[in-house]
Engineer: 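Below you will find the structure I want to go over with you.
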4 protein chains.
Amino acid sequence: MAESAGVRREQARRTREGVLEAAAAVFVAQGVQAPVREIAHRAEVGVGTVYRHFPTRADLVTAVYRHQIDACAELAPRLLAACDTPSTALHRWTGAFVDFLVTKHGLGAALGSEDPGLENLHAVMVDTLVPACAELLGACVDAGEVRADVTAYTLMRAVGNLCITGPDYDQADARRMVDLLLTGCRTTS
Amino acid sequence: MAESAGVRREQARRTREGVLEAAAAVFVAQGVQAPVREIAHRAEVGVGTVYRHFPTRADLVTAVYRHQIDACAELAPRLLAACDTPSTALHRWTGAFVDFLVTKHGLGAALGSEDPGLENLHAVMVDTLVPACAELLGACVDAGEVRADVTAYTLMRAVGNLCITGPDYDQADARRMVDLLLTGCRTTS
Amino acid sequence: MAESAGVRREQARRTREGVLEAAAAVFVAQGVQAPVREIAHRAEVGVGTVYRHFPTRADLVTAVYRHQIDACAELAPRLLAACDTPSTALHRWTGAFVDFLVTKHGLGAALGSEDPGLENLHAVMVDTLVPACAELLGACVDAGEVRADVTAYTLMRAVGNLCITGPDYDQADARRMVDLLLTGCRTTS
Amino acid sequence: MAESAGVRREQARRTREGVLEAAAAVFVAQGVQAPVREIAHRAEVGVGTVYRHFPTRADLVTAVYRHQIDACAELAPRLLAACDTPSTALHRWTGAFVDFLVTKHGLGAALGSEDPGLENLHAVMVDTLVPACAELLGACVDAGEVRADVTAYTLMRAVGNLCITGPDYDQADARRMVDLLLTGCRTTS
DNA sequence: GATGAATGAGGTTTCATTCAT
DNA sequence: GATGAATGAAACCTCATTCAT
């Protein structure tokens, strides 16, 4: 009986993972507003199953990107330790952030969206990434490399917005614009 | 008869203006994807009236912003003539552009949207504003004030994206981020 | 003043004729259910004008075909006088009727329709054409050429139905089918 | 689980049947162009349910009549085997076809309609019934009972048209007209 | 836990018809 | 008489979401 419960739990976990994978794929293809049916179909489960695991769309979006958000946050201190200067670390970190956002079709837009259905995701990203960004930014400011009047939150929103790509404004464009923005943040010597 | 026709035409024009005003207000509150019903209701007309004046949503969105888009484009040569340096003109122009975009909630997003219903608006903005921006940018490059590897289109998309505001990222933030971006575009002397 | 009234009346008559012509053309192209706007546009008048002259669609449809309906009815006695046998006259009359119906796209369908908006037209056709057809049919029966158990109304409905054409069942098909039907009505000798 | 799935599937099947019955009834009353809402309401389901089972109107119309169309087609060889002469079989088959068409108000009209929403149904009827009719017709021609210049398709269209009934032209009239048409198709000996 | 059928609100669009000028 | 802008009912179709099994 205890075992059967464990087996069932394991099944549920696998179902959950399957939904997450399907959602990730569908989000890339159609954006985070894709029909739930589409995701359920791709995961080969019923729509009810999606709703059981993720009651709101934001829960699903958040869960889909949580791993990567966490990984992105954890990257900050590692880069700070590994790079010669804080600003190098900041540049590389934003580079990683851009790559993350751009490859998730619609995530940049979701970040900046006021859609109440996405505020949950918004909160997660802010809570997780802003401190990471703030750590890098603070180090840069302390080192006199970056102006002190830029907040981590504002910078992240700006970077997030710059990552809203399209046919005529692609990942490379986004990277260059973010680089220019960071360059503009340098203290003018 | 000629007079009555003129009166009627005048009435129609006022209705049209009313729809435009209502649409502008609704767009600010809900974005450019707001339901047509909402706009019709706010304008105190039937939905059919909205469709009569603006057969597609893009027609409406375009009409709402056309005046300002044109005004913005016309500002470019005037600033170029009035300012001491091209880069000053560029800064002031982007400042005006940001003010325009930010006060029209959702227009920045519309500029970058791939939504087929907005491609018309997209085309108008690109056709009108990119040349204006290119003129300023070219002058800056010729004066050696700005790096030559930034295209007017990409810059406009970036500025447009930076103007997607929200409760925690407002017009002042957008202006500062755009300024930093432009600063980053300067030739490092 | 009397003259100006006459002039005005003449104007109105011409407007009316213009609407009729436009309606006839539109009916051929799109069927009798075509949008009123289409007809008004083609006639280069306002929709209100169409409604003033023809309050209901049936009024318009009826008016459009009235001339031809009358001409068709008047043909019956002339054919009866001119042809050697009544059945020849009947054949030639139905031939003319078929040509009339088939070239008026949708009229055959309108004849058989129960659409309350068309009952007026239905009544006109019945009142005008059934007596004409009955005259021919009666002569045929009297001459022993056609069975006595076919009513003029039923025959007309049948012919009307057979004239509902389409891409794979055209005017020639309709004519042949009507001919076969008439052949079937002959008294078997 | 397997059982509950079976129960659910059974429920769905009943819903589907309910929709079909409702659609059949509404089609009789209002023709095959009746609003989907009407059908949904009569079936006591939501419109979404109708769309789930029958994505397009043609799917619904086709499903409503499919059984009877098939039964009609299958009747042809059986009659051919059972009757003394091919022409008797043809007469009885068209009689059955007429009964089928007339009791399904609007189906005759649908058969001849150019409405793109009905082309599917049109195709089904043509594909299923024309071969059946052709078999009978061919046998009649081979037996020298019917003229060779009538195609199965044209005959079916003609019969379909003759089955467009109304208050003053009912099923009995349709049957008699079809009989006369067939009589007219006989080789004159 | 999983299912997916059913629901129905919500969006779009079309046109017949009215009415003030 | 003529006009055509305005109206709004009505049809379509799509999903997010619920719930009985």
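On a predicted model such as this, the values are computed, not experimentally measured, just so you know. To find a chain, count down the sequence lines: A is the first, B the second, and so on, and within it residues start at 1.
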Engineer: What integer distance in Å separates B:Phe54:CZ from E:dT13:C1'?
Structural biologist: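 Distance, rounded to whole Å: 17 Å.
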Engineer: What's the separation between atom CD in C:Glu17 and atom OG1 in C:Thr15, rounded to the nearest 0.5 Å?
Structural biologist: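 Taking CD in C:Glu17 and OG1 in C:Thr15, the distance rounds to 10.0 Å.
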Engineer: Measuring from the side chain of D:Val45 (C-beta onward, heavy atoms only), which nucleotide among E:dT7, E:dT12, E:dA16 has the closest atom?
Structural biologist: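 The answer is E:dT7, which lies nearest to the side chain.
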Engineer: How long is the line joining CD of B:Gln11 and P of F:dA6, in whole Å?
Structural biologist: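 Between P of F:dA6 and CD of B:Gln11: 8 Å.
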Engineer: Output the single nucleotide from E:dT18, F:dA16, F:dG4 whose closest atom is nearest the side chain of C:Tyr51.
Structural biologist: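 The answer is E:dT18.
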Engineer: Can a side-chain donor-acceptor contact be found between C:Arg8 and C:Gln11 if the only test is distance below 3.5 angstrom?
Structural biologist: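 Checked: C:Gln11/C:Arg8 side chains show no N/O donor-acceptor pair below 3.5 Å.
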Engineer: Under 4.0 angstrom, heavy atoms only, what part of the nucleic acid is D:Glu10 near: base, sugar-phosphate, or nothing?
Structural biologist: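 The residue D:Glu10 makes no contact with any strand.
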Engineer: Looking across every strand, which nucleic acid part, if any, lies under 4.0 Å from C:Val47 by heavy atom: base, sugar-phosphate, or nothing?
Structural biologist: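 The residue C:Val47 makes base contact.
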Engineer: If you assign each of A:Arg37 and B:Val50 to its closest nucleotide in DNA chain F, which residue comes earlier from the 5' end?
Structural biologist: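 The residue whose closest nucleotide sits nearer the 5' end is B:Val50.
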Engineer: Students often get this wrong, so: under 4.0 angstrom with heavy atoms, is D:Glu44 touching a base, only sugar-phosphate, or nothing?
Structural biologist: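 Sugar-phosphate: the residue D:Glu44, judged by heavy atoms under 4.0 Å, touches backbone atoms but no base.
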Engineer: Any strand is fair game: report the nucleotide pairing with E:dT21 by Watson-Crick or G-U wobble, both distances under 3.5 Å, or none.
Structural biologist: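 Here E:dT21 is engaged in a pair, and the nucleotide opposite it is F:dA2.
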Engineer: So, does A:Thr15 get its side chain near the phosphate of E:dA2, meaning an N or O under 4.0 Å from OP1 or OP2?
Structural biologist: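 Yes, such a contact exists.
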Engineer: Do B:Asp59 and B:Thr62 have a side chain donor and acceptor closer than 3.5 Å?
Structural biologist: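 On atom types as modelled, these side chains do not qualify, holding no pair under 3.5 Å.
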Engineer: How about A:Arg57 and A:Gln33: do any of their side-chain heavy atoms sit closer than 4.5 Å?
Structural biologist: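 They are in side-chain contact.
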Engineer: Rounded to whole Å, please give me the gap between CG in B:Asp59 and C1' in E:dT12.
Structural biologist: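 Whole-Å distance recorded here is 15 Å.
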Engineer: If you find the nucleotide of DNA chain F closest to D:Ala34 and the one closest to B:Gly48, which residue's nucleotide is nearer the 5' end?
Structural biologist: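 Result of the comparison: B:Gly48.
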Engineer: Mind calculating the distance between CD (A:Glu38) and P (F:dT14) to the nearest angstrom?
Structural biologist: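 Atom CD in A:Glu38 sits about 13 Å away from atom P in F:dT14.
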Engineer: CZ of D:Arg13 versus P of E:dA6: gap in Å, rounded?
Structural biologist: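 Rounded to whole Å, this separation is 12 Å.
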Engineer: To the nearest 0.5 Å, what is the distance between CD (C:Glu44) and OG1 (C:Thr49)?
Structural biologist: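 C:Glu44 atom CD to C:Thr49 atom OG1 measures 12.5 Å (nearest 0.5 Å).
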Engineer: Out of F:dA11, F:dT14, E:dT14, which nucleotide sits closest to the side chain of D:Pro35?
Structural biologist: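 Closest of the options to the side chain of D:Pro35: F:dA11.
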Engineer: Rounded to the nearest Å, what distance is computed from the NE2 atom of residue D:His41 to the C1' atom of nucleotide E:dA6?
Structural biologist: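 So the NE2-C1' distance, D:His41 to E:dA6, works out to 16 Å.
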Engineer: Go ahead and name the base partner of E:dT13; Watson-Crick or wobble counts if both distances stay under 3.5 Å, otherwise write none.
Structural biologist: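 Its partner is F:dA10 (Watson-Crick or G-U wobble, both distances under 3.5 Å).
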Engineer: Return no unless some side-chain N or O of B:Thr49 is found under 4.0 Å from OP1 or OP2 of F:dA5.
Structural biologist: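 False: B:Thr49 side-chain N/O out of range (4.0 Å or more) of F:dA5 OP1/OP2.
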Engineer: Grab the NE2-P distance between B:His53 and F:dT7 for me, whole Å please.
Structural biologist: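 Those two atoms, NE2 and P, are 9 Å apart.
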Engineer: On a plain distance test, is the side chain of B:Arg57 in donor-acceptor contact with the base of E:dT12 below 3.5 Å?
Structural biologist: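 Per atom types, no contact qualifies.
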Engineer: Provide, to the nearest angstrom, the distance between the CZ atom belonging to D:Arg16 and the C1' atom belonging to E:dG4.
Structural biologist: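 Whole-Å distance recorded here is 16 Å.
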Engineer: Taking everything shown except A:Gln30 itself, do over 12 heavy atoms lie less than 6.0 Å from its CD?
Structural biologist: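 Correct, the count exceeds 12.
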